[in-house]
4 protein chains.
Amino acid sequence: MIFCNHTPGEKPSCRWRRRKEARPEEIIDAALALFVEKGFSATRLDDVAKRAGISKGTLYLYFDSKEAIFRAVVETLIGPQLQQIEKLVHDFEGSNQALLRQLILGWWRNVGETGLSGIPKLIVSESGNFPELSEYFVKHVVKRMRKVFVGVLERGVAAGEFKPCDAQVAARLLFAPLVHAAIWKHSLQPWDDTGDVPVYLNLHLDIFFNGISSGAAKNE
Amino acid sequence: MIFCNHTPGEKPSCRWRRRKEARPEEIIDAALALFVEKGFSATRLDDVAKRAGISKGTLYLYFDSKEAIFRAVVETLIGPQLQQIEKLVHDFEGSNQALLRQLILGWWRNVGETGLSGIPKLIVSESGNFPELSEYFVKHVVKRMRKVFVGVLERGVAAGEFKPCDAQVAARLLFAPLVHAAIWKHSLQPWDDTGDVPVYLNLHLDIFFNGISSGAAKNE
Amino acid sequence: MIFCNHTPGEKPSCRWRRRKEARPEEIIDAALALFVEKGFSATRLDDVAKRAGISKGTLYLYFDSKEAIFRAVVETLIGPQLQQIEKLVHDFEGSNQALLRQLILGWWRNVGETGLSGIPKLIVSESGNFPELSEYFVKHVVKRMRKVFVGVLERGVAAGEFKPCDAQVAARLLFAPLVHAAIWKHSLQPWDDTGDVPVYLNLHLDIFFNGISSGAAKNE
Amino acid sequence: MIFCNHTPGEKPSCRWRRRKEARPEEIIDAALALFVEKGFSATRLDDVAKRAGISKGTLYLYFDSKEAIFRAVVETLIGPQLQQIEKLVHDFEGSNQALLRQLILGWWRNVGETGLSGIPKLIVSESGNFPELSEYFVKHVVKRMRKVFVGVLERGVAAGEFKPCDAQVAARLLFAPLVHAAIWKHSLQPWDDTGDVPVYLNLHLDIFFNGISSGAAKNE
DNA sequence: TATGAATGAGACTTCATTCAT
DNA sequence: AATGAATGAAGTCTCATTCAT
């Protein structure tokens, strides 16, 4: 089970959890792994079923089609993470730099090091075949996420903590290595083992904040 | 047309003969576009043929199989770019920072803004299904490229131009936004038009070099 | 149905399950008939499926490929017949001539007049395209069969029943009209109906044994 | 060139020799060899062309279709041999047994040991796919040939040389080993090298005539 | 006359989906 | 709820045939 964010009491209202309780998650986990590894088209439902420990026919008790499974995989991951992030931002006390550091490293811990890490690769790979999904993802994940980062960066600039700059662009730069690491992990990593990601991210944060900081508050 | 292997002077005497010579390129161009858009599996050879302006059977006069077309797409692009880059590095006179800036911006001009820009997404998406290709790509492109960057960075550190740091990691950070932009362009860009890439890259370079420079030689 | 591998007592409980068990045989029977009639290459799997009363895709639940069906057709028939023959030879009491007569006429009854009769034509026709199968067939059927005949003939010579002769060659002569009749049945028979095969075989046996017998034991 | 029976002066009236002079024969030779080896369906015109030393397109200058080549292959061989045989029978002076011996051994020399030897296998293999050809072959070759043998056998019976018997059946028995040897040569021979065919045929003739002769004129 | 590039119908094969049990 | 045998549409690949040169 890749997802344990449900508060126990919450009612399963989501569209993708129409049916039984436990099964769909096992199916989704199996499908996620295979979609990430092989892509949507090259993944056979036979394999999904086998990995989920059920028969092929059973898939259709929970999902209407292969594409429905795909949508469920993606929709499942959307939302829970963001709320957490937005809450963190809201409650945080400390420098904006420290907040951003925590956001980046926390994302890697919560996403990059879990089964969710395959999602970026999956979205990127299949965007061409699932336009409505791309639109959905951009709107509900990418832009929402960026908004958070932009907000913190602009707050930092306003506070004199960071040099003036285009926060939209800076936010993308700040986040890019994170996405890159997640995509890499599920693609060329096995042939190019580049070591510890946190080390990579820490150097990124050091250089980035050193580069963007106004003289007043030097990094570390 | 992404490739220009014709020696400039040769005249394609008869119209027919020229087709014969041009076909593989036309096929590869068509296949690249579709593979990037849809992925290998979801691309139908019918569509490749249609886009190349030929019939389905004709593909098999030039390639043995769908997979052979895929390999040709990837292998064809490998090499030409790198030589150019290595030459640039060898001949360059100026600061290491200036060289790196030129490498980054040049890569975007020569790759990011051409048909080649789809390759990173393609490789990433299909790495799971074509292991030998991944190995090849990592060995002949990724590591060779990184070696260049690492070399320049280390030279810069030795010259006191950059602060001491792990050049391997720094090289990846320097290059990541480039790859990210290329992948983005062929995935979520249509739904998240994030503006001019050179602007993005310039901010990246500013922040990065500002962050990594020793006090002596400030960027800007 | 050319094969009866069911243990007589087993009851096919549910109709469905029985199909599952009967399928391979039905497919093989259908394939044998068509391969014999048209040859391997000219037989379409569509037709095999239709004749077996199933859909094209179902073939692949039981066999990996068209060639696998072909091998099954041939391999399935090999063995059962031979054991029967060798047992007959072992148990027989009577003159060697009588034994050989019985072998010949029995073969026609058990093979020539059943669905198996098409096999010789099939093997002969496809030998060029399936070398390993030819080798297998020669080793496990042709030579094993000939060995039996040679044995009996040599025994007959030793017993003074037959004139001295090259038993290897004589065995082939004795068997040739049998194979010829089987091949003819599945090729030019429809256009050259040459009457009752047993009559043909009896004349063969009369002439052959009359020709090979030493004076002592005249035929009939 | 497998065929040199044309009397020089004869005009090429035959349907299959519509076009140029030398080419068709090379094509037919190539096609015969491949059809015999692989069967009609499994033979590719590419290979026929290659073996004939011409390009695939050129085939169509001489024949309308693959099937036309097949018909030409078969029709080419029909006729010439028979005239020769019928002439031999007509002119022969000597015992009927001696004549039959000469016919059998002569057939092997003229057909069995030449490129024509593959025809029986070819006819047998493809009879199911070319009914009109089977009909033609039976009518113009099989029955005509058998008529000759039946005639001589009946003459022999009438002369008291052979025992009374069904000459139709006896004729088939007399000829069967010949056909069998020819078919074997092009099928399982490579895996079952059974030695010299003339030796085989001579034993056949010895046994057969010993078996069929009346007491009066014993075979040698 | 000869070529060989190009075609497209048709074959083998795969796999998402259905449905009787 | 669960199975897995069965289906058939759709994809890859082959090859007889055509046709511009």
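Given the structure is predicted, the values throughout are model-derived calculations rather than measurements. Heavy-atom basis, side chains included; hydrogens, waters and symmetry copies ignored. Below, read A as the first sequence line, B as the second, and so on, with proteins coming before strands; counting in each chain starts at 1.
Contact annotation: A:Thr58 side-chain N/O to F:dT3 OP1/OP2 distance is under 4.0 Å. For E:dA6, one of the phosphate oxygens OP1 or OP2 lies less than 4.0 angstrom from a side-chain nitrogen or oxygen of B:Tyr62. For the OP1/OP2 pair of E:dT13 and a distance below 4.0 Å, the side-chain nitrogens and oxygens of C:Tyr60 include at least one atom meeting the criterion.
For the pair A:Ile27 and A:Phe63, the minimum side-chain heavy-atom distance is below 4.5 Å. Residues A:Phe70 and A:Leu133 are in side-chain contact: their nearest non-hydrogen atoms beyond the backbone lie under 4.5 Å apart.
A distance-only check finds a donor-acceptor pair linking the side chain of B:Lys66 to the backbone of B:Phe40 [under 3.5 Å]. A donor-acceptor contact shorter than 3.5 Å is absent between the side chain of D:Ser187 and the backbone of C:Ser127. Here the side chain of D:Lys121 pairs a donor or acceptor atom with the backbone of D:Val36 at under 3.5 angstrom.
In a base pair of the Watson-Crick type (N1 to N3 plus N6-O4 or O6-N4) or a G-U wobble (N1-O2 and O6-N3), with each distance short of 3.5 Å, E:dA20 is matched with F:dT3.
With rounding to whole Å, A:Leu59 atom CG is found 11 Å from E:dT17 atom C1'. Look at CZ on D:Phe63: it is 15 Å from P on F:dA16, rounded to the nearest Å. Residue A:Asp64 contributes atom CG, which lies 13 Å from atom C1' of E:dT18 at whole-angstrom precision. In this structure, B:Ile69 places its CD1 atom 13 Å from C1' of F:dG11, rounding to the nearest Å. Computed from coordinates, the A:Lys50 NZ to F:dT3 C1' distance equals 15 Å when rounded to whole Å. Atom CG of D:Asp46 is separated from atom P of F:dT18 by 15 Å (rounded to the nearest Å). C:Arg44 has its CZ atom 16 Å from the P atom of E:dA9, to the nearest Å. For D:Glu67 and F:dC15, the CD to C1' distance is 16 Å, given to the nearest whole Å.
Closest to the C:Lys66 side chain, of the nucleotides E:dA5, E:dC12, F:dA1, is E:dC12. The side chain of B:Leu61 lies closest to E:dA5 when the candidates are E:dA5, E:dT3, F:dT7. Among F:dC13, E:dT3, E:dT13, the nucleotide with an atom closest to any side-chain atom of B:Ser65 is F:dC13. Ranking F:dA1, E:dT17, E:dT3 by closeness to the A:Leu45 side chain, first place goes to E:dT17.
When heavy atoms are screened at a 4.0 angstrom cut-off, A:Ser41 is found touching no nucleic acid atom at all.
At a cut-off of 3.5 angstrom, counting only N and O atoms as typed in the model, there is no donor on one side facing an acceptor on the other between the side-chain of A:Lys56 and the base of F:dT3.
With DNA chain F read from its 5' end, the first of the two nearest nucleotides for C:Gly57 and A:Ile54 is the one closest to A:Ile54.
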